[in-house]
Amino acid sequence: MTDTIDRTAHVDEIDAQLRALFAVERVRATAYGEHYTALWETLEQASSGGKRIRPTLVRLAYFALGGRNTGAVDQVAVAFELLHTAFVIHDDVIDHDTRRRGQPNIAGAFADRGRRLGVDEAGSDAWGEAAAVLAGDLALSLSHRTIARLDVGADIRLPLLDILDRSVFVSAAGELADVAYAILGDRPVIDRVLSTLEQKTAVYSVEAPLQAGAVLAGADTRQIEALGRFGRLAGVAFQLADDILGVFGEENELGKSTIADLREGKRTALMAFAATTDAWARIEPLLGSASLDEAGADEIRAALRESGALSATVELAREHVTLAVFEIESSDLPRDLVSALTDFARSAVERTR
């Protein structure tokens, strides 16, 4: 999330709401044994420490469009943070990752738990993966339950549920396409890459939170649609920058590996642009190799720079920012909201983590 938006109040409130929610769920879990209680504890840990982009966007749109029901908007904001937590957990399972932000994730924590209890390596890993799948399911269920129990009229609650449902539906399509793209080894094409980015990330990360905040505030259809168009474009820009950082960023700032995406063979915009150049012959044999080392990664990075793929991806992200800003500047959205979202979009291509 951009530092040009004052996030302090948003983040503090969401953190407080999540602590209260997990305190209740941990008490419920005690009736089902220590392992289940531990699962809820690790789920709470998994939901902590993030940038809180999605709940901040919910609250930003809501208050800028005249909303005043703090209790209701906080619940919607929490629902979108829980949705993000669920997707992150499941994404780690799909990628076979056992660490996040430099620490064991849920799969890693439960695998460690198994080893401490004397379970063999294979059994511990299986337990860790099962725990992560279940934790993601629980977060997803909580997200929907939070919206379903919102104390507002059906004319607001049902559209919010539709937004949440579409977020899950479209993101699942994008995730499946992303995995298929990598494992089938198809030559990356920029239009297909952008479509996957929009589905997998942009819809649930930016479009849906903004539209949910607007719906809750009673915004009109034109405003909701303008926020949707902005969200898709800004969300793609944000993910393009994320893909660049995933290869060229600093690991100590990112809290994750900058070689993992290359080992997994992810078909990003970087690779789509490189595939149209002679550099692809250098990159393709290395991309997706489980044994790829830092020297091989550096070879790919050099080829991406020299071919112009890196600069083309940066420029594409900037173009999406320009288009996103145009969408809201030409709308009738409040000027303070336009200004804040403009800052958010522009910061997407300038961040380092």
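From a predicted model like this one, the values you see are computed outputs, not experimental measurements.
Atom CZ of R222 has 12 or fewer neighbouring heavy atoms from other residues, nucleotides or ligands inside a 6.0 Å radius. Counting heavy-atom neighbours within 6.0 Å of R335 CZ, excluding the residue itself, gives a total above 12. Applying the 6.0 Å contact sphere to CG of D278 captures no more than 12 heavy atoms from other residues, nucleotides or ligands. A 6.0 Å sphere centred on CG of D151 holds no more than 12 heavy atoms belonging to other residues, nucleotides or ligands.
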_Would F230 and L333 count as a side chain to side chain contact (heavy atoms under 4.5 Å, CB included) here? Give the steps._
CA-CA 12 Å; F230 167 87; L333 291 165; over 6 Å; no
*List the steps and the verdict of side chain to side chain contact (heavy atoms under 4.5 Å, CB included) for D336 and F63.*
CA-CA 11 Å; D336 58 341; F63 290 121; over 6 Å; no
*Can F248 and L304 be said to form a side chain to side chain contact (heavy atoms under 4.5 Å, CB included), step by step?*
CA-CA 10 Å; F248 292 97; L304 292 171; 3.9 Å; yes
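In this view, F87 and Y204 satisfy the ring pair (Phe, Tyr, Trp, His ring centres under 6.0 Å) rule, not counting sequence neighbours. H35 pairs by the ring pair (Phe, Tyr, Trp, His ring centres under 6.0 Å) definition with W127, not counting sequence neighbours.
For the residue pair S205 and R54, a side-chain donor N or O sits within less than 3.5 Å of a side-chain acceptor on the partner. Judged by distance alone, the side chains of E13 and Q17 do bring a donor and an acceptor atom under 3.5 Å apart.
Separation of atoms OG1 (T276) and CE (M271) is listed at 12.5 Å; rounding is to 0.5 Å. For the atom pair CD1 (I283) and CG (L262), the distance works out to 9.0 Å, reported to the nearest 0.5 Å. Atoms CG and CD, on L142 and E25 in that order, are 5.0 Å from each other to the nearest 0.5 Å.
The residues R52 and E81 are annotated as salt-bridged, a charged nitrogen and a carboxylate oxygen being separated by less than 4.0 angstrom. Between D243 and R267 there is no salt bridge, since no side-chain nitrogen of the basic residue lies less than 4.0 Å from a carboxylate oxygen of the acidic one. Ion pair R232/E327 not flagged as a salt bridge, since none of the NZ, NE, NH1 or NH2 atoms sits closer than 4.0 Å to an Asp/Glu carboxylate oxygen. R113 and E41 are not joined by a salt bridge, as no carboxylate oxygen comes within less than 4.0 angstrom of a charged side-chain nitrogen. Note on D186 versus R192: salt bridge recorded, some NZ/NE/NH1/NH2 to OD/OE distance being below 4.0 Å.
In this structure, T196 contributes its side chain and D178 its backbone to no donor-acceptor pair below 3.5 Å. No donor-acceptor pair under 3.5 Å is formed between the side chain of S195 and the backbone N or O of D191.
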In a table with atom names and distances, give each donor-acceptor pair under 3.5 Å that connects a side chain of residues 286-295 to protein atoms at least two apart or in another chain.
from : atom 1 : to   : atom 2 : distance (Å)
S289 : OG     : S291 : N      : 3.3
S289 : OG     : S291 : OG     : 3.0
D293 : OD1    : A295 : N      : 3.3
D293 : OD1    : G296 : N      : 2.8
E294 : OE2    : R301 : NH1    : 2.7
E294 : OE2    : R301 : NH2    : 3.4

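You'll find the side chain of L233 stays beyond 4.5 Å of the side chain of F326, heavy atoms only.
Remark: R59 fails to qualify as a cation-pi partner of Y62 under the 6.0 Å distance and 45° angle criteria applied to the six-membered ring.
Following chains of ILVMFWY side-chain contacts shorter than 4.5 Å, one cannot reach V88 starting from F238, and the two form parts of different hydrophobic clusters.
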